[in-house]
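As structure tokens, the structure follows; a few thoughts come after it.
Positions are given from 1, in the same order as the sequence printed here. Start at 1 and go down the list; that is how both ligands and their atoms are numbered.
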Amino acid sequence: MTTSYETREHDVLIIGAGGAGLRAAIEALAQGASVGVVCKSLLGKAHTVMAEGGIAAAMCNVDTADGWKPHFKDTMFGGKYLNNWRMAQIHAQEAPDRVNELEQWGALFDRTEKGAILQRAFGGHTYKRLCHVGDRTGLEMIRTLQDRGVQLGFDVYMECTITRLLTDAGRVTGAFGYWRENGRLIVFKAKSIVIATGGIGKAWPVTSNSWEYTGDGMTLAYEAGAELMDMEFVQFHPTGMVWPPGVQGLLVTEAVRGEGGILRNKNGERFMEKYDPKRMELSTRDVVARSIYTEVKEGRGTEHGGAYLDISHKPAEYVKKKLPSMYHQFKELADVDITKGPMEVGPTCHYVMGGIRVEAETAQSTVPGLFAAGEAAAGLHGSNRLGGNSLSDLLVFGRRAGLAAAQHAKTVPNSNVSEAQIAEAERELLAPFSNPSTESPYAVHRDLQAVMQSLVGIFRTEEDLKKAFAELEQLKSRAAKASVEGSRLFNPGWHLARDLKSMLTVSEAVALSALARTESRGAHSRIDYPKYDPVWAKKHNIIVNEGGKMTRRESPVDEMPPDLKEFVMAE
Ligand SMILES: Cc1cc2nc3c(=O)[nH]c(=O)nc-3n(C[C@H](O)[C@H](O)[C@H](O)COP(=O)(O)OP(=O)(O)OC[C@H]3O[C@@H](n4cnc5c(N)ncnc54)[C@H](O)[C@@H]3O)c2cc1C
């Protein structure tokens, strides 16, 4: 029997208030839809706010030889051709318009001498392509989108966590959740739902990701019948802080290398000469992360187990102007003045290329009425994302998701939600208060992170991945028994007990896909299969929920049209 809950109704419900969710909301509003935006944290606090380096878009303000085609080619090369080519094409073609639009809505960018939006170099991008505001681009983007959305009039539900999607005859009809502050229940009725919940990094202990990144959106979609795709591709950013321990994993933006930062090992050797003499520090993230990892493993790491990243050869004022957050981050957290000496950095779990499988034009998942955009969606980045391509992804596909969701809402009748589904969602959510065991959600989370770091990390083997499965099975049964004390009033242990389910679901999906992919490609490195396999070049891993059991299938990679293929493959 369900306790009381409040009910809200919208044409389009957007779960997530980061760049993707806000851009989707703006577009759905522009189509005349009534829009609700739900987020776990306060509005303006989404993960997007942390983005530092910039937005990749071929504006051609600095390098006039750039254009959508070179951007497309770099994205496909970075993703090792596993990208959904049509998404990559749309992304490269539409990103400049989305940046210009952001500027028209009030975003302030750094400028060229002629007054155009300034663009900087970044790993894997052939031309200077990243539009930026110092190293605080995400903050400016969120501020602008938020202002615009509020002006147009969406309803915001802050500090509210969605725990289940409600469905009827195979299509989504609403969502169930709770207010984090007081634990009260809420049901949303909606004709279309956009998932924009970001990534999964909190399943690993060393991560640049914030507490919100527990894979909720992917789990909600998976449980509602959507397909997850290419979950094995988890990006370890090469440069996170390795010291002091309390901030281990915190991101050191690629903009440091974009502005000329040099990587050295403890012997002072510029080791990227060995691994990628052409691109050096601006090689793709997978290559730089593996290079640092190898230097450390072979005994050439720094005192705290990383590499040195040095920008101190640049004038101090330049560093402070271009990298203000990095300057303060190191000064305040590690007592290091980066204008005078090197930083210590090492790989950190940063981004997931896999996610909800969507259709390129509309961002619709395999479930009618359910859309996904941003880091929660798969396809654009293939096996490895280029820096800067996420912020442009949020703008391009956030807009498309909002547009298609609003159009879909016009075609379906008002939603009916199932009381039985609501009762089941409530039972599951409240179970930790009545579970008889003493299992702590914090202990389960700590052990999950240890398993993912040691067995499903930057380098993988069949033996480790099989061990990971056995461990994940045990963790799942421990998580199901997790119990919490106290009331529903802001109770972080209870919130974590709920988030564990999502983290375990996405962890299993990553391990299952990683075991199957018997090759190394992009961010997926198998020590036992170190080379590309042409057979796997043609296949995506698909994860589906079959009667409550996680099952893996394969699906062919779409062929690029011949003219694009010829351009992309040309030297
Ligand atoms: C430190 C850092 C720097 C980065 N720098 C760059 C950069 O310079 N350029 C670039 O392109 N990319 C960068 N990235 C990556 C990029 O920031 C992210 O991929 C992107 O911001 C994700 O945006 P999003 O809209 O998909 O999700 P987010 O911005 O994370 O938003 C997710 C939203 O979903 C909500 N949510 C989650 N679960 C639930 C739930 N169950 N119920 C309700 N709400 C929920 C959250 O509260 C939040 O509002 C960086 C990442 C990090 C960590």
protein heavy-atom neighbour closest to atom 44 (N) of ligand 1 works out as Lys40 N, 3.3 Å
Side chains of Glu212 and Ser41 in contact at under 4.5 Å (non-hydrogen atoms) = yes
> With no hydrogens and no angle check, do the side chains of Gln235 and Asn384 hold a donor and an acceptor under 3.5 Å apart?
Replying inline: yes
(request) Tell me, please: is Gly388 in heavy-atom contact with ligand 1, that is, under 4.0 Å? (result) yes
One finds that the ligand 1 atoms under 4.0 Å from a non-hydrogen atom of Ala17 are 33 (C), 48 (C), 49 (O)
Of all protein heavy atoms, the one nearest atom 46 (C) of ligand 1 is Glu212 OE2, 2.8 Å
I'd like to know if Arg285 pairs up with Glu254 as an ion pair, taking the criterion as any Lys NZ or Arg NE/NH1/NH2 lying under 4.0 Å from an Asp or Glu carboxylate oxygen.
yes
* Asked: Is Asn389 close to His71 at the side-chain level, that is, under 4.5 Å between some pair of heavy atoms?
  -> yes
Looking only at protein heavy atoms, what sits closest to atom 25 (O) of ligand 1 is Ala20 N, 3.0 Å
Output yes when Lys128 and Asp63 qualify as a salt bridge under the 4.0 Å nitrogen-oxygen rule, no when they do not.
no
Quiz item: Looking at Arg357 and Glu227, does any basic side-chain N land under 4.0 Å from a carboxylate oxygen?
Solution: yes
Note: ligand 1 atoms sitting under 4.0 Å from heavy atoms of Ser41 are 47 (O)
**Message:** Would Arg164 pass as a cation-pi partner of Phe176, given that its NZ or CZ must be under 6.0 Å from the six-membered ring centre and within 45 degrees of the axis?
**Reply:** no
Q. Would Glu6 and Arg8 pass as an ion pair if we require N to O under 4.0 Å?
A. yes
Should Arg498 and Asp216 count as an ion pair when the cut-off is N to O under 4.0 Å?
-> yes
- Can you tell me if Gly138 has a non-hydrogen atom under 4.0 Å from ligand 1? no
Should Gly374 be counted as touching ligand 1, given the test is an N or O pair under 3.5 Å?
no
Using 30° and 60° as the class boundaries, would you call the ring planes of Tyr351 and His381 parallel, tilted or perpendicular?
perpendicular
Closest to atom 36 (N) of ligand 1 among protein heavy atoms sits Thr197 CG2, 3.9 Å
For Gly217 and Thr197 the tightest heavy-atom approach is CA-OG1, 2.9 Å
Under 4.0 Å from one or more heavy atoms of Tyr351, ligand 1 contributes atoms 19 (O)
Check: Out of curiosity, is Thr137 lining ligand 1, as in a heavy atom under 4.0 Å away?
Finding: no
> Ser208 near ligand 1, heavy-atom distance under 4.0 Å?
Replying inline: yes
Of all protein heavy atoms, the one nearest atom 2 (C) of ligand 1 is Leu251 CD2, 3.5 Å
Numbered in order shown, the ligand 1 atoms found under 4.0 Å of a heavy atom of Val38 are 44 (N)
Among Thr214, Leu394, Asp499, the residue with a heavy atom nearest to atom 24 (P) of ligand 1 is Leu394
For the pair His495 and Phe490, name the ring-plane relationship: parallel under 30°, tilted 30 to 60°, perpendicular over 60°.
perpendicular
### Message
I'd like to know whether ligand 1 has Arg385 as a neighbour, heavy-atom separation below 4.0 Å.
### Response
yes
Here the atoms of ligand 1 under 4.0 Å from any heavy atom belonging to Glu52 are 3 (C), 4 (C), 5 (N), 6 (C), 7 (C), 8 (O)
Filtering Gly54, Ser390, Gly53 for the heavy atom nearest atom 9 (N) of ligand 1 leaves Gly54
The answer for which part of His350 has a heavy atom under 4.0 Å from ligand 1 is side chain
Could you check whether Lys314 makes a cation-pi contact with Tyr318, meaning its NZ or CZ is under 6.0 Å from the centre of the six-membered ring and within 45° of the ring axis? yes
At under 4.0 Å between heavy atoms, what of Asp216 touches ligand 1? The answer is side chain
Looking at Arg385 and Asp393, is there a salt bridge between them, counting it only when a charged N and a carboxylate O are closer than 4.0 Å? no
Taking Arg400 first and then Glu361, would you say they form a salt bridge - that is, a charged N and a carboxylate O separated by under 4.0 Å? yes
>> Ring-plane angle category for Tyr213 and His47, please: parallel below 30°, perpendicular beyond 60°, tilted otherwise.
In response: parallel
Exercise for the section: For ligand 1, find out whether one of its N or O atoms is nearer than 3.5 Å to an N or O atom of Arg498. Expected result: no
**Prompt:** Between Thr253 and Asp135, does any side-chain donor sit less than 3.5 Å from a side-chain acceptor?
**Reply:** no
Checking heavy-atom distances from atom 42 (N) of ligand 1 to each of Leu220, Ile55, Ile162, Thr48, the winner is Ile162
The answer for which part of Leu130 has a heavy atom under 4.0 Å from ligand 1 is neither
Note: Ala196, heavy atoms under 4.0 Å from ligand 1, region reported as backbone
(Q) Quick check on Cys160 - does any of its heavy atoms sit under 4.0 Å from an atom of ligand 1? (A) yes
Quick note on ligand 1: atoms under 4.0 Å from a heavy atom of Asn389 include exactly 11 (O)
Return yes or no for this condition: an N or O of Thr161 is under 3.5 Å from an N or O of ligand 1.
-> no
So for Ile15 against ligand 1, with non-hydrogen atoms under 4.0 Å, the contacting part is side chain
Does CD belonging to Glu181 count more than 12 external heavy atoms closer than 6.0 Å? no
For Ala46, the ligand 1 atoms with a heavy-atom partner under 4.0 Å come out as 29 (O), 31 (O), 48 (C), 49 (O)
Residue, atom and distance of the protein heavy atom nearest atom 4 (C) of ligand 1 read Ala51 CA, 3.3 Å
Of all protein heavy atoms, the one nearest atom 11 (O) of ligand 1 is Leu391 N, 2.8 Å
task = Kindly check if the number of other-residue, nucleotide or ligand heavy atoms within 6.0 Å of CZ (Arg143) is above 12?
result = yes
Heavy-atom proximity to atom 53 (C) of ligand 1 ranks first, among Met50, Met158, His47, for His47
Atom 26 (O) of ligand 1 sits nearest the protein heavy atom Glu375 N, 3.0 Å
